[in-house]
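Notes to accompany the following structure.
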2 protein chains.
Amino acid sequence: MTNSTSPLSPRKTPRQARSKATVHAILEAAARILETQGADAVTTNAVADRAGVSVGSLYQYFPSKEAIFAELIRQMRAQMRDDIFRAMDFVVGKSLSFAMARLVRAVIHHHVHRAHRADALEHLEAQLPPDPDSLTMMSQTRARLALCLTQHKVPQPEQAAGDILNLIIGMAHPALHGGETDFDSLARRIDPAVLGYLGRM
Amino acid sequence: MTNSTSPLSPRKTPRQARSKATVHAILEAAARILETQGADAVTTNAVADRAGVSVGSLYQYFPSKEAIFAELIRQMRAQMRDDIFRAMDFVVGKSLSFAMARLVRAVIHHHVHRAHRADALEHLEAQLPPDPDSLTMMSQTRARLALCLTQHKVPQPEQAAGDILNLIIGMAHPALHGGETDFDSLARRIDPAVLGYLGRM
DNA sequence: CCAAAATGTGAGCAATAGCTCATGTTCGAC
DNA sequence: GTCGAACATGAGCTATTGCTCACATTTTGG
């Protein structure tokens, strides 16, 4: 089965277990090289080497190096979306401040887990042509948060959802990248900013 | 005069007006290619071409492509520092909320002016070895803000300064990059978040 | 003026990248 | 078993990149 012709989508969908493992190994190898040696070190030969497969196999499933990055970014976005969905589901019926506190911690948790990878991938994303799938996932994430805000009568929930995500990520990401390890302290500093934004101090 | 041996510092300091113009043309060409065609399009030959000089001249003043990026980043950091210094100077003796409002607008103004360039440079910076000069300038920026916060009895002013800058940049940057053009509206949404962080709503 | 320093030139080298393809191997349906 | 499809291999082609160097031109101090 061949996939769409978009330059960022996978080339062929693996059908046997063996090829699924190959694809997984390629993605994991690319991510590890990216984390440990930087974007420039992620060459197709290096990825194939590290994955223990040949370049030919790599190009059976990814039409280009960029497609590998795009897939990793899609995985990251999907996980972030799912994390936030879970947090928002857990929080229905609770107070707005409780909901926001939970959101803050979900985002922090997401960034702590694989901080280096997320960081590098986000910088890469800016240099890649925009990927519709990634945009969709981010849109879904915002929409879910907006729904929660609507239920609490927050005005302009769509805009507020975007602002709040930017606020939380904007504060959490550099702090964690800068070596901050007291996640509770960080969360307790972000909380009042979010509530301040919402005018609910 | 030859400069330090650091891989990111310029190689030779221009002494005549003509070479100053050359250096300026190289930096401007690199920035324009970066903005319009992305990081991968910034090759030394392309930069030299666009600058109207030869590759040889380029390598007289920059030991590597990375050194060009590093210099552009330094310029950006210096301008941000100066913008914020001016804002903080203007605001001594005024109320904390007035000071923060001014800060918010200074950051927004800084990002509006050359949003594309700043964006691309920041993503590049993450992939370069850390540059001491840039770190120093960011440290100076934070310190100046911390001083202002100290005068308003804000506890932990150093940490708060970092948090507030991250908050403002984190909210402003994606919004502006996403095409937001109503800067006043944006500023008025960031203001309460900052005050919320400070516990001064 | 003139020599020395500063500046500028661009053909081309060495290295390396992304990627293809001819060929071989394994799997699964029948 | 058998045969076609799926999967895997890796030597090596093509293109490009960062960068050097031998040489030309301009500027400046005296």
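Quick caveat: nothing in here was measured; it's all calculated off a predicted structure. Within every chain, numbering begins at 1; the chains are lettered A, B, ... in the order of the sequence lines, protein sequences first and strands thereafter.
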Among C/dA17, C/dA6, D/dG10, the nucleotide that comes nearest once only the side chain of A/T43 is considered: C/dA17
Which is true for A/Y61 with a 4.0 Å heavy-atom rule: it touches a base, it touches only sugar-phosphate, or it touches nothing? sugar-phosphate
Taking A/R117 first and then A/E122, would you say they form a salt bridge - that is, a charged N and a carboxylate O separated by under 4.0 Å? no
Please check the phosphate of D/dG10 (OP1 and OP2 only) for any side-chain N or O of A/S54 closer than 4.0 Å. no
Classify B/V42 by what it touches in the nucleic acid, base, sugar-phosphate, or nothing, heavy-atom distance under 4.0 Å. sugar-phosphate
Do the charged groups of B/D83 and B/R86 touch, with an N to O distance under 4.0 Å? yes
Just checking A/Q60: base, sugar-phosphate only, or nothing, at a heavy-atom cut-off of under 4.0 Å? base
So B/T44, base contact, sugar-phosphate only, or nothing? Heavy-atom distance under 4.0 Å. base
Could you check A/G56 against A/P14 and say which one's nearest nucleotide on DNA chain D is further toward the 5' end? A/P14
Between C1' of D/dA8 and NZ of A/K20, the distance in whole Å: 17 Å
Measure from the side chain of B/S57, starting at C-beta and using heavy atoms only, and say which of D/dA8, D/dG18, C/dG8 lies closest. C/dG8
Under 4.0 Å between a Lys/Arg side-chain N and an Asp/Glu carboxylate O for A/E35 and A/R32? no
Nearest to side-chain heavy atoms of A/V55, which nucleotide of C/dT7, C/dT26, C/dT20: C/dT20
Select one nucleotide: of C/dG8, D/dC19, C/dG18, the one nearest the side-chain heavy atoms of A/N45. C/dG18
Is the phosphate of C/dG8, meaning OP1 or OP2, less than 4.0 Å from a side-chain N or O of B/Y59? no
Taking only N and O in the side chain of A/T22, is any of them less than 4.0 Å away from OP1 or OP2 of D/dC7? no
SB check A/R144 A/D89 (cutoff 4.0 Å): yes
Could you measure the distance from the CE atom of B/M100 to the CD1 atom of B/I190? Nearest 0.5 Å is fine. 13.0 Å
Short side-chain N/O contact to D/dA6 OP1/OP2 from A/S19, under 4.0 Å: no
